[in-house]
Amino acid sequence: MDVSNLINPLNAPQRQAVTSDNPHLLVLAGAGSGKTRVLIHRIAWLMASEQATACQILAVTFTNKAAREMQQRITAFIDETQGQVKPWMGTFHSIAHRLLRIHWQVAKLPQHFQLLDNDEQLRCIKKVLRALHVDEKNEDIRQVQSFINKCKNEGLRAKEVIVSERDIRQQVLVQFYTAYETHCQQAGVVDFCELLLRAYELFRDNPDILQQYQSRYRYFLVDEFQDTNHLQYLWLRLWSGEEGELFVVGDDDQSIYSWRGANVGNIARLQEDYPKLEYVRLEQNYRSTQTILHAANSLISHNTQRLGKQLWTDGEKGSPLFLYSAYSETDEAEFIAQRILYYQEKTQGSLDNIVLLYRTSAQSRVLEEALLQHSIPYRIYGGLRFYERAEIKDCLAYLQLLLNPDSDTAFERVINTPKRGIGDRSVEEIRRIAREQQISLWQACCRLIEYGGLAKRTINALQLFVNLINSLKKDSESLALADQIAAIQSQAKLADYYKKIHKQEAEGRLENLAELVNAAREFSLYDMVSDSTISQQEHFLAHAVLETGGEQGDSTQDRVQLMTLHLAKGLEFDTVFLCGLEEQLFPHRNSIREDNLEEERRLCYVGITRAQRELYLCHSESRFVYGQRHYTEPSRFLAEIPSELVEPIRLSTAKTFFSPSSQQVIDVVVGDQVVHPIFGEGTVIEEEGIEPRKLVQVSFAEGEKWLVLATAQLQKQTESS
DNA sequence: TTTAGTTGAATAAAG
DNA sequence: TTCAACTAAA
């Protein structure tokens, strides 16, 4: 078997990783060092060298996107080696989901268990607390949710949580957890963490099943290993067992999700559990310039808790990093916008090579406004994702209810959506009956209609609702999935409803509803109803919960990208603007308080290493926070980047002279040097509490003809002087 | 039951 | 400041 095309494009450490014979291997892959490539080539190598067949390989990722990318890239190699069989590639959650669908009985789940997303989990907890007569106002439900998820991520059931006698609060939380567990079991619903925990227990408590999967899968590959939580680690270790081979790839310097349960300690744990673990470091970077890497290395070296890595490149030194010290966040945004305009004019380069990164999503607003003002097209990432939108969830809740009228989550969602005169009081009555008689809300609703007990008007409304569901159910039997969804939308009059509620947003919502029909059609096309254990409808609903993302539309347009630093992980851009590098903001005040600076620094490291060619570091001397202007200090991270790599752009000594009549800039004086504005007229910025000032672009005499933006205090000056 | 007005909280977000 | 959740009136 010729494996040269697998091996030749790799550098020495990559090659070592790909071809290693060691059954336990950890690849410490720096940013931009070709980590996905190593994973793909490893899989291809295992098959090409005939150590493994495709169906013995399991590759785990954290996002659907990463799983898809791997699937696509592996195809190129697989077609040459072995037919159509592909390794199993998926996220931890999708793999667990599939296992539970297959082994629902052993896992003690109803065959048609329903998945809960975050939001639904929260509602569910609320409901449980209400049943416990807990005063909702005094109870932080999010805290309860985070407690439950934290326990599950640690692999702990309620009865396994060790509570100290003195910690009353924890005892209460465990009580809630117990009640929530019971409720979910009765309702047949499964949240995200539960997927993993059940799948783990499935293996742990059923040696025969474990044995079956252990003998089938021998080669385990894990992407972004630094993001695994304790439970995922336990599961992996259990499944791979004595015989399985572990090939994990990760970067401790890019661990930025501890608040989500990720445990960098798993890397150290791996060493303990597998003493013969082999390490391979990928330190050659194929993305950034020397200067950018130098900055990144210096910054991250301030962390003490690391395994150690030094990125290098044989590429160019590149331009220095640019530092812009703004007066205010508006100034910062204006600078960025001006800079982008200039870039556009000079290079005709495409805008989607440019990204603006920030720590908190609230920062995007000001940036957006500046871009808007200068007619620079942009696109913001984050926020609500497709399947999380209210209109989509409403529509899917109808579908869920058709499939399983006893789904209380779905029932509660649509009973009065669109408004049909069934308010809180009536729903509360339905809940009461359901609770008393131990039946579902749907059944309780039907009983109420039969035996009365509410105002005639309400009963009528309930009857109409029941009729609607029944008629949809009857109609849908003969329809394809997409047509069922279309039928739901028209018969439930969802479009009219959204039009009425919010006139401005209606258009987008209607588009989304139409898009849902498309998505369903596409889904039917590709879904082979792989597991005959569930219907296509059910499969689609699970897909909607597990695949919350869905690519945002019209990616064809050339736009500047805006996103949080967290969202930028794994991406790369020609030009990066890091915004708001200020103490209290980045590092964020909460992280400073919680003494979590190392993770903030890693986040900064992630930001810096996104840049291929140019990196702008921006901070502002003041910022509006909660309606008040605060004066800010530059981020400590700025001081951790060697100053010789950084070129400050603001000219602190500059004075701008301009014509009071025409507002034209005449001259800018820097020290004793006069430079001339050559780009635009500049923009006067006036804000409360700050002297008005002007942004201008000027040509600099020294060295290369170098364009800078000067923000200087406005000076009154006559044209003649 | 619905709505308009008031109060209070505001890190990051995949599956 | 802004936005979501909540309270009080129509």
Side-chain angles (χ1 to χ4, degrees), chain A residues 60-67 90-97 115-121 126 136-137 140-142 146 149 152-153 190-196 199 223-224 227-229 231-232 255-262 329 357-366 381-385 387-388 390 416 418-428 454-455 457-458 461 500-501 542-550 563-570 580 584-594 596 599-600 602-604 606-607 623-630 688:
Chain A
V60 197
T61 63
F62 274 82
T63 64
N64 291 304
K65 199 171 151 215
T91 63
F92 276 103
H93 292 85
S94 74
I95 292 167
H97 177 241
L115 295 183
L116 295 186
D117 69 12
N118 248 329
D119 200 45
E120 290 156 346
Q121 183 188 31
K126 254 188 208 166
E136 282 178 65
K137 281 146 219 156
D140 183 353
I141 300 167
R142 286 188 182 272
S146 117
N149 287 340
K152 290 191 180 184
N153 282 337
V190 170
D191 63 52
F192 283 126
C193 300
E194 184 72 21
L195 277 176
L196 300 175
D223 192 15
E224 306 278 14
D227 287 340
T228 49
N229 64 37
L231 177 57
Q232 287 161 339
S255 162
I256 54 174
Y257 283 115
S258 70
W259 47 275
R260 212 160 72 176
E329 69 277 18
L357 300 179
Y358 36 82
R359 176 66 234 267
T360 68
S361 43
Q363 288 168 256
S364 69
R365 218 199 75 243
V366 183
Y381 288 78
L384 268 194
R385 287 163 298 165
Y387 286 109
E388 283 175 349
N416 202 26
K419 302 254 183 310
R420 48 174 69 87
I422 305 167
D424 250 3
R425 232 177 55 83
S426 316
V427 176
E428 193 47 57
L454 278 172
R457 212 179 50 186
T458 316
K500 209 167 120 193
I501 297 261
H543 166 84
V545 178
L546 288 170
E547 174 90 48
T548 43
M563 63 184 83
T564 63
L565 283 147
H566 283 90
L567 282 176
K569 199 172 90 165
Q584 307 296 315
L585 181 61
F586 191 24
H588 195 274
R589 49 180 66 77
N590 293 357
S591 300
I592 296 174
R593 177 164 36 80
E594 289 157 23
N596 203 7
E599 181 150 319
E600 290 285 303
R602 292 194 288 265
L603 193 54
C604 189
V606 167
R623 194 170 285 274
F624 233 67
V625 188
Y626 311 145
Q628 274 204 320
R629 184 157 289 286
H630 290 270
E688 222 180 286

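Letters go in sequence order (proteins before strands), and every chain restarts at 1.
Leu565(A) places its CG atom 14 Å from the C1' atom of dA13(B), with the value rounded to the nearest Å. Computed from coordinates, the Asn118(A) CG to dA14(B) C1' distance equals 9 Å when rounded to whole Å. A straight line from CD of Gln363(A) to C1' of dT1(C) spans 15 Å, rounded to a whole angstrom. Spacing between atom CG of Leu231(A) and atom C1' of dG15(B) amounts to 13 Å, rounded to whole angstrom units. Summarising the geometry, the separation between CD1 on Ile141(A) and P on dA5(C) is reported as 11 Å, rounded to the nearest angstrom. Distance NZ (Lys65(A)) to P (dG15(B)): 10 Å, rounded to an integer number of Å. In this structure, CD of Glu388(A) is placed 9 Å from C1' of dA13(B), rounded to the nearest angstrom. For Asp119(A) and dA14(B), the CG to P distance is 14 Å, given to the nearest whole Å.
One finds a side-chain N or O of Asn64(A) lying less than 4.0 angstrom from the OP1 or OP2 phosphate oxygen of dG15(B).
Between His543(A) and Tyr387(A), some side-chain heavy-atom pair lies under the 4.5 Å cut-off. Contact annotation: the side chain of Glu388(A) never approaches that of Asp119(A) to less than 4.5 Å [non-hydrogen atoms, C-beta and beyond]. Residues Gln584(A) and Val625(A) are not in side-chain contact: their nearest non-hydrogen atoms beyond the backbone lie 4.5 Å or more apart.
Looking at Glu329(A) and Arg629(A), a side-chain N of the basic residue comes within less than 4.0 Å of a carboxylate O on the acidic one, giving a salt bridge. In this structure, Asp191(A) pairs ionically with Lys152(A), as a charged nitrogen and a carboxylate oxygen lie closer than 4.0 Å. Contact check on Arg385(A) versus Asp117(A) returns no salt bridge, with no Lys/Arg side-chain nitrogen under 4.0 Å from an Asp/Glu carboxylate oxygen. Salt-bridge check for Glu599(A) with Arg602(A): passed, with a basic side-chain N closer than 4.0 Å to an acidic carboxylate O.
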_Show, in sequence, the C-alpha distance, side-chain angles and deciding distance for Glu594(A) and Ser591(A), and conclude whether the side-chain hydrogen bond (donor to acceptor under 3.5 Å, both in side chains) test is met._
CA-CA 5 Å; Glu594(A) 289 157 23; Ser591(A) 300; 5.6 Å; no

*Assess whether side chain to side chain contact (heavy atoms under 4.5 Å, CB included) is satisfied between Leu603(A) and Phe586(A), documenting all intermediate values.*
CA-CA 9 Å; Leu603(A) 193 54; Phe586(A) 191 24; 4.2 Å; yes

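Distance noted for atom C1' between dC6(C) and dT11(B): 25 Å (whole Å). Rounded to a whole angstrom, the distance from the C1' atom of dA12(B) to that of dA5(C) is 23 Å. With C1' as the reference atom, dC3(C) and dA14(B) are 24 Å apart, rounded to whole Å.
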Could you pull out the protein-nucleic contacts involving nucleotides 1-5 of chain B (nitrogen or oxygen on both sides, under 3.5 Å)?
unit_1, atom_1, unit_2, atom_2, d
dT1(B), OP1, Gly423(A), N, 2.1
dT1(B), OP1, Gly423(A), O, 3.4
dT1(B), OP1, Ser426(A), OG, 3.1
dT1(B), OP2, Arg425(A), N, 3.2
dT2(B), OP2, Asn416(A), ND2, 3.3

Protein and nucleotides 8-12 of chain B: nitrogen or oxygen contacts under 3.5 angstrom:
unit_1, atom_1, unit_2, atom_2, d
dT11(B), O4', His588(A), NE2, 3.1
dT11(B), O2, Arg359(A), NH1, 3.1
dT11(B), O2, Arg359(A), NH2, 2.1
dA12(B), OP1, Ser361(A), N, 2.8
dA12(B), OP1, Ser361(A), OG, 2.5
dA12(B), O4', Arg359(A), NH2, 3.4
dA12(B), N3, Trp259(A), NE1, 3.2
dA12(B), N3, Arg359(A), NH2, 2.8

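For the pair Glu224(A) (side chain) and Phe62(A) (backbone), a donor-acceptor distance under 3.5 Å is absent. Within the 3.5 Å criterion, the main-chain N or O of His588(A) finds a donor-acceptor partner in the side chain of Glu600(A).
Within the 4.0 angstrom heavy-atom criterion, only backbone atoms of the sugar-phosphate kind lie near Phe62(A); the bases stay farther away.
Using a 30° and 60° split on the angle between ring planes, Phe192(A) and His93(A) fall in the perpendicular class, above 60°.
For DNA chain B, the stems formed by at least three consecutive Watson-Crick or G-U pairs, with both atom-pair distances below 3.5 Å, span B:1-10 with C:1-10.
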